[in-house]
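From a predicted model like this one, the values you see are computed outputs, not experimental measurements. Letters go in sequence order (proteins before strands), and every chain restarts at 1. Side-chain atoms are counted along with the backbone in the values below, which use heavy atoms only and exclude waters and symmetry mates.
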Amino acid sequence: MSYRLLTIRALRDRLARHPAGRVALSLLHVAVTAALPLLLLWLAGCSTEPAPRDTHSPVSDNGEISSFFYSLLLYLDAAILAIVVAVWAYALVKFKKQDGDDTLPEQSHGNMKLEVIWTAIPTLIVVAITVPMLVGVFKMSKRHDPNQPVVEVDVTGKQWWWEFDYKNGVGAGLHTANELHLPADTAITLHMTSADVIHAWWVPRLGGKRDANPGRTYPMSFTPKVPGIYDGQCAELCGSSHALMGTKLIVHPIAAEIEVEYKGQKVKIESYDSWVKAQQQPAKAPVAELEKGLKLFKERTCPSCHLINGLEGTDVAARSASSGPNLTHVGSRMGIAANTLVNNPENIAKWISKPSAVKPGAKMPDGLVTPEDAKTIAAFLSSLK
Amino acid sequence: MASVADFAQAQAPVYHQERPAKSGLVDWLTTVDHKKIGILYGTAGVFWLLIGGLEALLFRLQLAKPDQDLFIGTQYNGLVTMHATTMVFLAVMPMIAGFSNYFVPLMIGARDVAFPRLNAFSWYTFLFGSLVINASIVFAHFPAGGWTGYAPLSTRAYGNDGMDFWWAGLVLLAISSMVAGVNFVVTILNMRAPGMTLMRVPVLAWMMLVIQFLLAFSFPPIAVGLIFLAFDRTFGAVFYETAMGGDPHLWQHLFWLFGHPEVYVLILPSMGIVSEVLPVFARRPLFGQHAVIFSGVFIGFVGFGVWGHHMFTAGMGPIADAVFAATTAVIAIPTGVKIFNWLGTLWGGKLTFPVAMLFAISFIPMFTIGGLSGVMHANAPLDLQQHDSYFVVAHFHYVLVGGALQGLFSGIYFYFPKITGKMLSEALGKAHFWLFLIGMNMTFWPMHDLGNRGMPRRIYTYPADAGWNFDNLLATAGVFFMAAGTLIMVYNMLNSLKNGKEAGRDPWDANTLEWMTTSPPPAHNFDFTPVVFSERPLFDHKHTEDLAIPVPSEAEQIHMPSPSWKPLVVATGALLIIVGLLLFNVAPLLWLVSVAGALTVVVGIYQWVSEPV
Amino acid sequence: MSAELATAPGHDAGHDDHGHVSAENNFLGLPNIKLAMWAFLGSECMFFGSLIGTYFFYHGKSLGGPLPTQVFSLTITSISTFLLLMSSMTMALAVDATRLRKLSQARAYILATAVLGATFVGFQIYEFSQFVSEGLKLQTSLFGSTFFVMTGFHGAHVTVGVIWLTMLSMLISNGKLNKDKASVTVEVAGLYWHFVDIVWIVIFTFVYLLEFIK
Ligand code: HEA
Ligand code: HEA
Ligand code: CUA
Ligand SMILES: [Cu+2]
């Protein structure tokens with residue numbers, strides 16, 4: 001069964017097929033006419049803009065659970081609201097005081113039977129939604145059996161980018177940034193932590209978020225099911241560039257390469273194994289015209305924060321809380337500066353000549369390079385596929 | 001049948017003050033009259049509502065379109081933080097305090113609150129707190145840690161200097177609220193008119209009683225959390241220092257142990273107002289008054305056991321998640337009881353629709369929408385998606401704006417005549433109502449959709465290709481409707497003060513004691529001590545043949561508390577203590593200002609207790 | 001109806017700020033000031049509950065020493081605890097004396113209580129300086145922060161109590177607190193004092209003693 005969110009229209013069509021549904025619909029109509037402005041805005045809210053980060057088009061088991069509860073509660077809430085608004089609207093129209101009628105209506109103080117009914121029914125509803133919810137809580141917090149093939153990644157939030165350390169399974173030992181690559185249909189456990197303040201790693205299509213707490217580690221286990229490229233970003237206020245702490249999740253097919261759609265374009269995704277192999281390669285020494293870039297990179301103290309595996313003089317940076325993203329394969333990423341800019345040489349040059357102009361408060365210093373040098377370095381960095 | 005005008009015949013008794021009130025500014029500075037303090041609170045609340053709304057308007061402009069740079073980074077975060085802090089602590093809470101000050105004593109037939117000077121002290125600490133928080137923009141920057149001020153983002157290492165003003169101001173507000181809580185608990189429990197048993201206390205006063213308990217018991221945890229923050233930031237303590245083993249969950253628990261009861265502090269008074277307004281304009285008693293009261297009490301109790309629902313993504317572990325999710329869902333039940341009883345009140349009534357009633361009836365569906373999305377959040381697996389997304393922003397604005405604020409608006413239109421003796425314009429009021437209702441839905445409804453589309457909250461910019469453009473534009477447009485409505489309300493109030501129709505004692509043909517006395521009421525509230533036989537004392541007087549109007553006995557010499565400077569002096573001392581701590585960051589020796597403050601407090605209190613009242 | 005009137009509880013039409021209290025005039029039959037003190041103490045329970053709760057939340061999580069067992073001196077703290085307990089006794093005697101309308105006697109007991117309280121605070125200051133010299137400061141560790149802030153706020157409460165009691169004795173001396181008012185006023189101060197004392201018992205038992213039992 002698919003847990004996809006039903007649109008309002010689809011819901012209406014479905015309802016109209018059953019007699020009881022038609023009764024419900026006419027009730028809804030009464031309700032909605034009474035709240036006409038609301039209706040207009042409701043429809044407006046359901047505009048047809050595509051939603052690349054739809055929270056209810058899940059691509060993992062966890063996302064499906066969340067979405068299931070969304071659908072359940074959406075229909076339940078719509079029904080409750082419809083009843084409340086229908087009674088309300090009916091009462092407002094029916095019991096309007098007539099002109100010239102100055103008598104008092106019946107002075108009723110209440111009705112015990114009704115009180116019991118409208119306490120009991122919501123109680124039953126609450127029990128009915130709470131029981132499956134509890135099941136869901138424990139299902140989502142289950143851990144994968146470490147004896148099975150599991151890919152485990154340490155996810156560290158840093159102001160304002162993401163660091164990924166592959167700890168277990170295929171790809172163990174990889175150390176990348178901002179783009180998380182995972183195999184489809186494989187048990188995954190991410191261990192969330194942070195180097196400074198609280199962040200939260202959230203890719204809406206994948207499913208729920210988890211906070212990355214400094215001084216604490218918390219696991220999040222799931223199985224991604226649909227290969228593709230999914231956008232996400234930090235969801236916990238973490239300072240000036242919280243809005244620009246993007247991330248991407250790339251779910252690779254296990255076997256062969258496939259083609260997916262991403263923002264209206266066809267993109268090829270290689271198999272997870274071949275991605276891992278490529279990432280495990282050290283950086284290639286730059287060709288002649290790019291050598292100047294490497295030289296400047298070393299001169300301008302970039303290696304004190306950035307690691308490039310395999311190039312002499314750049315693989316020395318001690319990893320510390322203040323260090324920046326690993327740049328060994330920076331050219332292969334789709335975006336830079338935590339997906340704030342599209343990855344191309346111009347944008348890299350723009351970024352490294354003045355990071356704070358791209359991201360307020362960026363932790364990479366301004367003024368390390370002149371605009372000319374930036375271009376040279378950018379050309380070199382772009383080649384690091 | 002008696003009419004309310006008959007009360008005018010009862011001869012006005014003399015009342016006596018140790019030191020009679022001066023006039024003008026001195027009177028307002030030294031007043032201990034609960035009605036004047038209520039007016040001060042209310043005016044401050046409306047003022048800060050405009051400021052908080054202005055802040056919202058500004059950051060909504062930034063969000064109107066993708067990739068804008070009107071307010072970026074900490075500027076934006078500062079606006080959001082101040083918007084929320086202002087709205088919650090400086091607009092809605094003082095408006096509530098305004099109503100509770102002005103009307104609780106009137107409703108229960110008392111001459112003042114239990115401790116009038118303490119009441120003035122609460123007002124001044126509130127005032128100073130509000131000024132300290134906002135002084136951040138003058139001396140430093142707006143605090144930018146969100147209204148939740150999560151550590152370690154709020155610590156010295158990551159938070160800006162505005163956070164110092166934030167904790168300092170909030171500590172003062174916490175003192176103000178705890179003191180007021182104690183004061184009103186005593187007032188409502190102990191100062192009721194003869195015959196006013198607890199079950200005859202008007203629902204609004206009841207809800208005020210519940211929230212005073214909430215204030216007294218929920219502010220200490222956040223005060224402790226703020227003290228830790230202050231010690232970290234000022235003296236280098238390590239409560240939130242994760243490198244020293246500190247745990248970021250500590251602050252969250254302390255904050256939400258306060259924060260959740262706080263949201264019921266914000267909503268229960270509005271529910272009380274709705275429970276007063278509906279019966280008057282439906283011309284029948286509140287349906288199931290006892291059920292409405294008990295559900296309010298129940299909400300207050302359970303409200304202390306659900307705070308963890310703000311932390312489902314924080315990693316508390318499945319057991320804690322499950323417990324908090326289950327307790328949270330339970331709150332839907334008593335809240336539903338209230339909703340259904342209001343519907344029961346409308347059903348079979350004879351409804352008229354002045355503006356006060358319009359806001360009260362629109363409260364019902366608007367709050368229900370917000371409550372139902374709250375029930376979605378209570379579902380922990382679902383909340384992992386919704387937490388910190390715009391879906392939450394939609395939830396809490398429906399309950400806060402559609403609920404709390406609309407309820408207070410209803411209260412303003414309902415009670416303004418009592419407070420000022422002048423009617424508000426119904427035509428302007430209707431314009432306010434429709435503009436606000438439309439604007440509110442236009443702004444906050446699309447936020448559900450934004451949340452579903454994965455838009456996180458507290459982001460100052462967003463990419464054009466995320467599918468969030470239309471909803472955001474709509475949301476920003478809606479603010480202008482709300483702003484127009486609110487400004488019309490303010491104009492309406494100012495205009496009515498001068499040109500309003502005379503209200504008389506009982507313009508709405510209402511049921512409770514406050515409508516028995518003149519508008520505005522005299523300093524001593526009632527010319528005679530009212531005696532109460534049901535939950536609708538004034539209704540009884542108007543509709544019972546043989547209910548004699550009590551006449552003040554000769555012996556009844558009313559003693560009213562005298563005006564006093566001491567509350568202002570002691571509050572100033574408290575302010576100095578806090579300011580000294582802030583100045584400590586500038587130059588350590590300036591902590592002597594705190595010492596001066598402490599001395600002021602001690603001397604002030606000594607004079608306070610020895611002055612005749 | 002007149003029967004109902006007659007049974008309707010009495011009503012204090014006025015106010016009663018500090019001092020103006022009479023037990024008969026209130027709906028619950030409890031003077032306002034006393035009710036207020038109970039409500040306030042409820043609030044204080046949450047306050048100290050949060051402080052003590054934090055101490056336990058962080059117990060054993062400090063990354064470095066000194067550890068509680070290394071700095072605590074049971075002898076000294078036992079003495080100061082004993083003094084505080086004694087002060088509760090003198091406080092109780094003071095309340096009794098005001099009830100019997102023996103104001104000068106009450107004043108003596110009040111002053112004795114204040115002196116005992118002040119001595120307790122003195123011990124605490126000594127203890128704090130001792131800890132600091134042994135390397136435990138506010139900034140040292142989670143233990144340092146939680147311990148100093150928790151016990152410091154308790155000490156501040158004792159100090160407030162001492163000032164309060166001193167004021168009371170001054171008010172009695174200059175006749176501002178007459179025999180009618182004194183009973184409730186002193187009783188309320190007593191409530192506060194006993195509460196602060198009980199909080200200390202809790203801290204002493206769970207923070208100090210438990211440390212040595214394990
Ligand atoms: C006035 C303020 C107010 C009120 C009244 C409420 C009421 C409720 N709130 Fe809300 N809430 C906030 C203000 C408020 N909230 C704020 C400010 C935040 C965000 C803070 C921040 O992060 O900045 C928040 C966040 C928040 C969260 C955390 C979301 C997140 O960040 O992930 C949750 C989770 O459970 C929640 C739940 C609820 C519930 C279950 C109720 C219930 O009380 C609602 C009950 C009402 C109804 C259910 C409707 C009427 C009932 C019926 C018609 C009966 C039938 C119904 C059923 C059987 C379901 N709220
Ligand atoms: C009672 C509380 C309350 C109230 C009434 C409001 C009212 C409004 N809120 Fe607020 N809001 C919060 C409490 C409240 N909010 C909280 C707690 C947060 C969370 C903050 C955080 O994340 O930390 C929040 C966050 C929040 C956000 C999310 C920001 C983000 O996450 O990035 C948004 C976005 O649109 C928003 C919008 C609005 C709007 C448009 C209104 C409107 O209703 C305002 C209507 C306007 C007015 C009432 C006044 C208009 C008048 C003028 C503009 C004229 C001014 C003129 C003079 C001064 C002379 N609010
Ligand atoms: Cu990281 Cu927000
Ligand atoms: Cu809550």
Residues [X] and [Y] bridged, charged N to O under 4.0 Å:
{"X": "Asp247(B)", "Y": "Arg216(A)", "answer": "yes"}
{"X": "Asp509(B)", "Y": "Arg283(B)", "answer": "yes"}
{"X": "Lys350(B)", "Y": "Asp101(A)", "answer": "yes"}

What part of [X] is in contact with chain B, defined as an atom under 4.5 angstrom from a non-hydrogen atom: side chain, backbone, both or neither?
{"X": "Leu244(A)", "value": "side chain"}
{"X": "Gln107(A)", "value": "both"}
{"X": "Gln98(A)", "value": "neither"}
{"X": "Asp231(A)", "value": "neither"}
{"X": "Val126(A)", "value": "side chain"}
{"X": "Ser141(A)", "value": "side chain"}
{"X": "Met140(A)", "value": "side chain"}
{"X": "Leu72(A)", "value": "neither"}
{"X": "Thr119(A)", "value": "both"}
{"X": "Leu134(A)", "value": "side chain"}

Of the backbone (N, CA, C, O) and the side chain (C-beta and beyond), which part of [X] lies under 4.5 Å from a heavy atom of chain A, both, or neither?
{"X": "Thr345(B)", "answer": "neither"}
{"X": "Leu286(B)", "answer": "backbone"}
{"X": "Asp69(B)", "answer": "neither"}
{"X": "Pro279(B)", "answer": "neither"}
{"X": "Phe281(B)", "answer": "neither"}
{"X": "Phe444(B)", "answer": "neither"}
{"X": "Leu153(B)", "answer": "both"}
{"X": "Phe340(B)", "answer": "both"}
{"X": "Ala314(B)", "answer": "both"}
{"X": "Gln252(B)", "answer": "side chain"}
{"X": "Ala157(B)", "answer": "neither"}

Establish, from distance only, whether the side-chain atoms of [X] and [Y] form a donor-acceptor pair under 3.5 Å.
{"X": "Asp211(A)", "Y": "Thr313(B)", "answer": "yes"}
{"X": "Gln385(B)", "Y": "Trp202(A)", "answer": "yes"}
{"X": "His377(B)", "Y": "Asp383(B)", "answer": "yes"}

Between Leu190(A) and Phe222(A), is there a side-chain heavy-atom distance shorter than 4.5 Å?
yes
Smallest heavy-atom separation, Arg53(A) atom then Ala466(B) atom, equals NE-CB, 4.5 Å
For residues Ala282(B) and Leu351(B), report the shortest heavy-atom separation together with the two atoms involved.
CB-CD2, 3.5 Å
Centroid separation under 6.0 Å, is that true for the rings of Phe481(B) and Trp434(B)?
no
Ring centers of Tyr90(A), Trp347(B) separated by less than 6.0 Å:
yes
Among Gly208(A), Pro122(A), Cys234(A), Pro132(A), which residue forms the greatest number of heavy-atom pairs with chain B at distances under 4.5 Å?
Gly208(A)
Just do the ring-ring contact (aromatic ring centres under 6.0 Å, His included) check on His56(A) and Phe68(A) with the steps written out, would you?
CA-CA 9 Å; His56(A) 301 296; Phe68(A) 165 73; over 10 Å; no
